[in-house]
2 protein chains.
Amino acid sequence: MAINISDAFARKLGAFVALSATELDVLSRLHRRRRTFVAGRDLVHQGQSEQAAYILASGWVCSYKSQPDGSRQIIDFQIPGDFLGLRSILLHTSDHGIQPIVEIEAAEVRKQDLLDAFAHTPRLATAVLWAASRDEAMVVEHLVGLGRRSAMERMAHMLLELGARLALVGMGNKTGYDCPLTQYHLADALGLSAVHVNRVLRQLREEGLVTFQGGHVAFNDYPGLVALAEFDPTYLDQVGPLLD
Amino acid sequence: MAINISDAFARKLGAFVALSATELDVLSRLHRRRRTFVAGRDLVHQGQSEQAAYILASGWVCSYKSQPDGSRQIIDFQIPGDFLGLRSILLHTSDHGIQPIVEIEAAEVRKQDLLDAFAHTPRLATAVLWAASRDEAMVVEHLVGLGRRSAMERMAHMLLELGARLALVGMGNKTGYDCPLTQYHLADALGLSAVHVNRVLRQLREEGLVTFQGGHVAFNDYPGLVALAEFDPTYLDQVGPLLD
DNA sequence: CGACCTATTGAGCATCTTCAACATTCGTGG
DNA sequence: CCACGAATGTTGAAGATGCTCAATAGGTCG
């Protein structure tokens, strides 16, 4: 049961850092305070003071920042195994909102429990900080995409990155994955209009590269897509932290 | 002398966290390994393994990521008092390059020295981590700009943000600041062509908002510029970490 | 059924890019 | 001290990319 929930997180960390039985145990104990959240209602509100962080067990979530003019920019999507709100546990306010895209299950992690876990199993602390740095690298890569890639390239890159991340937790492979995002989500993430997202998706489909339909992404020509996006997964694959 | 070098860094941290004499002393000791770097030659290379980090004492620096097609995207600019390469000290590779824009002075910080300083003065560790989180918040804000703001708004926002950051270390105020950036730097940071940067700057000048000329930024209508950019410096001004 | 959310497509338009030419500044060597 | 070249800044014109507005269709859920 607990094993089931902690699966994705442990699997992700374990892909880069060998975790001992003790560490896995501490990890699973962090998952006890399990909760369910409905789609659309924010977990963390922009500007709010927040003590708790979460480990996402199932479902998808997005972090976003709302603009005064009403538009919003999605910073990143989070998938099972991802840590939510780590920064707002270290600091004490959140500069962005966190919203479930579908109904999700997440384990609430109290600030004190996390700090205790870190104190007792330093390797775990290093692993989590490594994961946080990887998240930051993804944000940077996203920024590069918005600044220097065309709409087609951005879309291809995003679909590939999500695929690579999902593959790490056993929820996808090079043929495709299930994806609950709407075209509006993609638009808000990629800095495009929803209309243009639709056209881009059509073109990618007509060129036989990817199909995004009915909640499923199907890679029809994986190498072709990688070439179009100039997708270099180095920033995801980085070796784990030095664990002397 | 050491006081002089550590000035900007201590001043920045001190603006948010009250530092004791002991902490200031530890801080100044971190600045001993002072070095000079010429403009244009990278301090840290993209993809390189790097042990050392730096505290920038004078001059400007940019972090950037090069694309396979030759274009580059500047992630952020660093100014005196900023920490360089903190992530590459925690992990062990850098996913981006760091390049001096002018000749700079920086204090090299060895991994071990930093960890020692953190161990002896935890408040200092918290303060530095707070600074790192603030940097991340700036990257996020930059991402939002690229995704959801027009060229004019982006430019206005960037010039205002730099002004606010410089003011924190006593190098600028609401009337303006000295700025060594070329229009190419701005283009690479804002995701625009250099040509368009030139037009945008002209328009901002003609509308009496800012003047960017001869290495100097002059705010001609600060409130007007803030309104245009919808500049909300909350993400820079955040209160310091909880230092219980 | 009706309301609402999501997806789709067309037409016209704004923003920003590219290409090209030219001006200006600045450092360097003659 | 001047001449030259390189880097930076400036401007015009043409074109591409992506946006807005608008209309329509399918799907889901109460």
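What you are looking at is a predicted structure, and each value in this text was computed from that prediction instead of being measured. Chain identifiers are assigned alphabetically (A, B, ...) following the order of the sequence lines, protein sequences preceding nucleic acid strands; residue numbering begins at 1 within each chain.
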Chemist: Is it true that Tyr54(B) and Asp82(B) share a donor-acceptor pair across their side chains at a distance under 3.5 Å?
Modeler: no
Chemist: So what does Val200(A) hit on the nucleic acid, given a heavy-atom distance under 4.0 Å: a base, only sugar-phosphate, or nothing?
Modeler: nothing
Chemist: In this structure, how many angstroms lie between the C1' atom of dT8(C) and the CD atom of Glu206(A), rounded?
Modeler: 12 Å
Chemist: Keeping the roles fixed (side chain from Gln99(A), backbone from Cys62(A)), state whether a donor-acceptor pair exists under 3.5 Å.
Modeler: no
Chemist: Grab the CZ-C1' distance between Phe212(A) and dT8(C) for me, whole Å please.
Modeler: 14 Å
Chemist: Using a heavy-atom cut-off of 4.0 Å to chain B, what are the terminal contacting nucleotides of DNA chain D, in 5' to 3' order?
Modeler: dT8(D) to dA13(D)
Chemist: In degrees, rounded to 10°, what is the bend between the two ends of the helix from dC1(C)-dG30(D) to dG30(C)-dC1(D), using five pairs at each?
Modeler: 40°
Chemist: Would you check if there is a donor-acceptor pair between the side chains of Asn173(B) and Tyr222(B) at a distance under 3.5 Å?
Modeler: no
Chemist: When the distance from CE of Met152(B) to P of dC16(C) is rounded to whole Å, what number comes out?
Modeler: 10 Å
Chemist: Can you check the Gln203(A) CD to dT8(C) C1' distance for me, whole Å?
Modeler: 15 Å
Chemist: Please lay out, stage by stage, how Met155(B) and Gln203(B) fare under the test side chain to side chain contact (heavy atoms under 4.5 Å, CB included).
Modeler: CA-CA 11 Å; Met155(B) 178 65 75; Gln203(B) 196 176 343; over 6 Å; no
Chemist: Classify Gly191(B) by what it touches in the nucleic acid, base, sugar-phosphate, or nothing, heavy-atom distance under 4.0 Å.
Modeler: sugar-phosphate
Chemist: Checking contacts here: which listed nucleotide (dT6(C), dC16(C), dA11(C)) is nearest the side-chain heavy atoms of Leu192(B)?
Modeler: dC16(C)
Chemist: Looking only at the side chains, is there a donor atom on one of Ser63(B) and Gln78(B) sitting less than 3.5 Å from an acceptor on the other?
Modeler: yes
Chemist: Mind calculating the distance between CG (Leu190(B)) and P (dT15(C)) to the nearest angstrom?
Modeler: 17 Å
Chemist: Do Glu161(B) and Tyr235(B) have a side chain donor and acceptor closer than 3.5 Å?
Modeler: yes
Chemist: I want to confirm an ordering. Mapping Asn198(A) and Arg199(B) to their closest nucleotides on DNA chain C, which one lands closer to the 5' end?
Modeler: Asn198(A)
Chemist: Would you mind reading off the distance between Met155(B) atom CE and dC16(C) atom P, rounded to a whole angstrom?
Modeler: 11 Å
Chemist: Any side-chain donor-acceptor pair under 3.5 Å between His196(B) and Ser193(B)?
Modeler: no
Chemist: Taking Asp188(B) first and then Lys65(B), would you say they form a salt bridge - that is, a charged N and a carboxylate O separated by under 4.0 Å?
Modeler: no
Chemist: Is Thr182(A) touching bases, backbone alone, or none of the nucleic acid, heavy atoms closer than 4.0 Å?
Modeler: sugar-phosphate
Chemist: Taking atom types as modelled, find out whether Thr211(B) and Asn220(B) have a side-chain donor-acceptor pair closer than 3.5 angstrom.
Modeler: yes
Chemist: Using whole Å, what does the distance between atom C1' of nucleotide dT15(C) and atom NE2 of His196(A) come to?
Modeler: 13 Å
Chemist: Start at the 5' end of DNA chain D and walk down; is the nucleotide closest to Tyr184(B) or to Ser150(A) reached first?
Modeler: Tyr184(B)
